[in-house]
Colleague: 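Here's a structure for you.
Below, chain A is the first sequence line, B the second, and so on; all start at residue 1.
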Number of protein chains: 2
Amino acid sequence: MLADSEIEFLENIVERKKVLKKGEFLFHAGDEFDAIHAIRSGSLKSYTISADGTEQVTGFHLPGEIVGLNAISTTAYPSFAKALETSLVCSIPFDKLESLSRDIPGLQKQLFKVMSGEIREEQELMMLLSKKNADERFAALIMNMSARFKRRGLSEKEFQLTMTRGDIGNYLGLAVETVSRLVTRLQKQQLISIQDRYIEITDMPGLSALAGTSCHV
Amino acid sequence: MLADSEIEFLENIVERKKVLKKGEFLFHAGDEFDAIHAIRSGSLKSYTISADGTEQVTGFHLPGEIVGLNAISTTAYPSFAKALETSLVCSIPFDKLESLSRDIPGLQKQLFKVMSGEIREEQELMMLLSKKNADERFAALIMNMSARFKRRGLSEKEFQLTMTRGDIGNYLGLAVETVSRLVTRLQKQQLISIQDRYIEITDMPGLSALAGTSCHV
DNA sequence: CGAATGTTTGAGGATGCTCAAGGGATGTGG
DNA sequence: CCACATCCCTTGAGCATCCTCAAACATTCG
């Protein structure tokens, strides 16, 4: 997560801006790693293909966030990144970023912070997956998305879920059918209101309580 | 994960070396973050305390690994780090490391790599937790530990599990009883042999197959 | 318009949790 | 050095959650 000012600063060293249409790839698993990518608008999902050939969703990415940080230690991207809707992405050559961050102490520090933050968020997500039941997982995902939209100055109470129920289930370790039933149930409990993929959080404290404390980022 | 040579290099800028006895803390959640920590010998576990007061194990740490990377983006450690046995730890003041890494390009790169690697490993673990059943989770943990011991030049086939069954279950999102039953079952299947906490992998290909592909780090 | 993809609902069943109990190891204080 | 408390591990029985299978409908897109 970067502030607007930081993104704008980075844009000055950006060599490539891309518009991705829904379903297009930012990169494929195995592609040579040479850049990290800042999302300006839209949304993406990351996923890998497991040994048995099934898709494994590893994350959703919103505007202001950085994609590709998990590839720095390798020479190739370990996952796919695919646009969930029309999206605008800025690619920042990593070798350039590295050398710049030597000259600009603030940049280096910021990079460390962004990466550290990602580690922490992954750990929180891990806890979510290992300790929570289906309702709590789904609630935690919604609260997490809400917090991320809020950080970008967007509405924390209503937003578009650009991924399918299948993606959500895959990500949370739940069957599609379970996700569908959750949506129905949480709506009956007046916690949320969903019309297709547009969600409104109608009881923020209630949903937060159900999610546990995953909303304190 | 750092190479021996890298650890030794870092030792030269280390200000504090600590010996922790079993049960002692390297740091508490909420302590001011000022250093990351390289483990020279022994083992630690990281955990947080959730809203309902229960312990949530977030990771196990072996020699050669770095603890505290998830705190860089904050001013305080987000988790506890507790010694599972007598352990030797080198603490590296982070501000010093930051300034040094400006002058030594290789160090900066290495830091980026270590952090990126941690992000990737967390993602793999996440997948493990969301997609695999109990047997597969346990097998994946054992294979993961095995690979980490191997990287340090230690035996990949037999080693000490220094954590309790409870810690393992907590980490993998399983009940203690389930872990206990898994140990029994995998032994009957001739995949492993456990005497108290000393484990021997008797069928590496079999265990690897059960774990899925989590052993390709 | 037809095909593919996504969503919802129902019924049955398996995996893993909870509750319960007993035995073993560890450690502390008298 | 022993007694007792605590923590750890194991095993059993019943049960809840969530998955699988199946089917129908909606939506998107070529």
Colleague: What N/O pairs connect the protein and nucleotides 4-8 of chain D at under 3.5 Å? Give each pair on its own line.
Modeller:
| from | atom 1 | to | atom 2 | distance (Å) |
| --- | --- | --- | --- | --- |
| D/dC8 | O3' | B/R197 | NH2 | 3.4 |

Colleague: Can you give one letter per nucleotide of nucleotides 25-30 of chain D, going 5' to 3': B for a protein heavy atom under 4.0 Å from the base, S for sugar-phosphate only, - for none?
Modeller: ------

Colleague: How does each nucleotide of nucleotides 17-24 of chain C score, in 5' to 3' order, for protein heavy atoms under 4.0 Å: base (B), sugar-phosphate only (S), or none (-)?
Modeller: SBBB----

Colleague: What bend angle does the helix from C/dC1-D/dG30 to C/dG30-D/dC1 show across its length, from five-pair end axes and to the nearest 10 degrees?
Modeller: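 If I round to tens, the end axes sit 50° apart.
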
Colleague: Taking only residues two or more places apart in sequence, or in another chain, which ones meet B/F112 in a ring pair (Phe, Tyr, Trp, His ring centres under 6.0 Å)?
Modeller: A/F94, A/F112

Colleague: In chain order, what residues pass the salt bridge (Lys or Arg N to Asp or Glu O under 4.0 Å) check against A/K22, with sequence neighbours excluded?
Modeller: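 Applying salt bridge (Lys or Arg N to Asp or Glu O under 4.0 Å) to A/K22 gives none.
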
Colleague: Taking only residues two or more places apart in sequence, or in another chain, which ones meet A/R181 in a side chain to side chain contact (heavy atoms under 4.5 Å, CB included)?
Modeller: A/E177

Colleague: For B/Y171, give me all partners under ring pair (Phe, Tyr, Trp, His ring centres under 6.0 Å), at least two apart in sequence or on another chain.
Modeller: B/F60

Colleague: From the set D/dC18, C/dG16, C/dT9, return the single nucleotide nearest to any side-chain atom of A/N133.
Modeller: D/dC18

Colleague: What residues, two or more places apart in sequence or in another chain, satisfy salt bridge (Lys or Arg N to Asp or Glu O under 4.0 Å) together with B/E24?
Modeller: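 Once residues adjacent in sequence are excluded, B/E24 has no partner under the salt bridge (Lys or Arg N to Asp or Glu O under 4.0 Å) criterion.
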
Colleague: Only pairs at least two apart or in different chains count here, so list each side chain to side chain donor-acceptor pair (under 3.5 Å) that has a residue in residues 183-199 of chain A.
Modeller: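 Every side chain to side chain donor-acceptor pair (under 3.5 Å) pair that includes a residue of residues 183-199 of chain A, provided the two are not neighbours, is A/D135-A/R185, A/E158-A/Y198.
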
Colleague: May I ask you to evaluate whether B/T184 reaches the phosphate of D/dT10, defined as a side-chain N or O under 4.0 Å from OP1 or OP2?
Modeller: no

Colleague: With sequence neighbours left out, what residues match B/K45 under salt bridge (Lys or Arg N to Asp or Glu O under 4.0 Å)?
Modeller: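 B/K45: salt bridge (Lys or Arg N to Asp or Glu O under 4.0 Å) contacts with B/E55, B/D167.
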
Colleague: Could I get the full list of side-chain hydrogen bond (donor to acceptor under 3.5 Å, both in side chains) partners for A/T54, not counting sequence neighbours?
Modeller: A/S50, A/D52, A/Q56

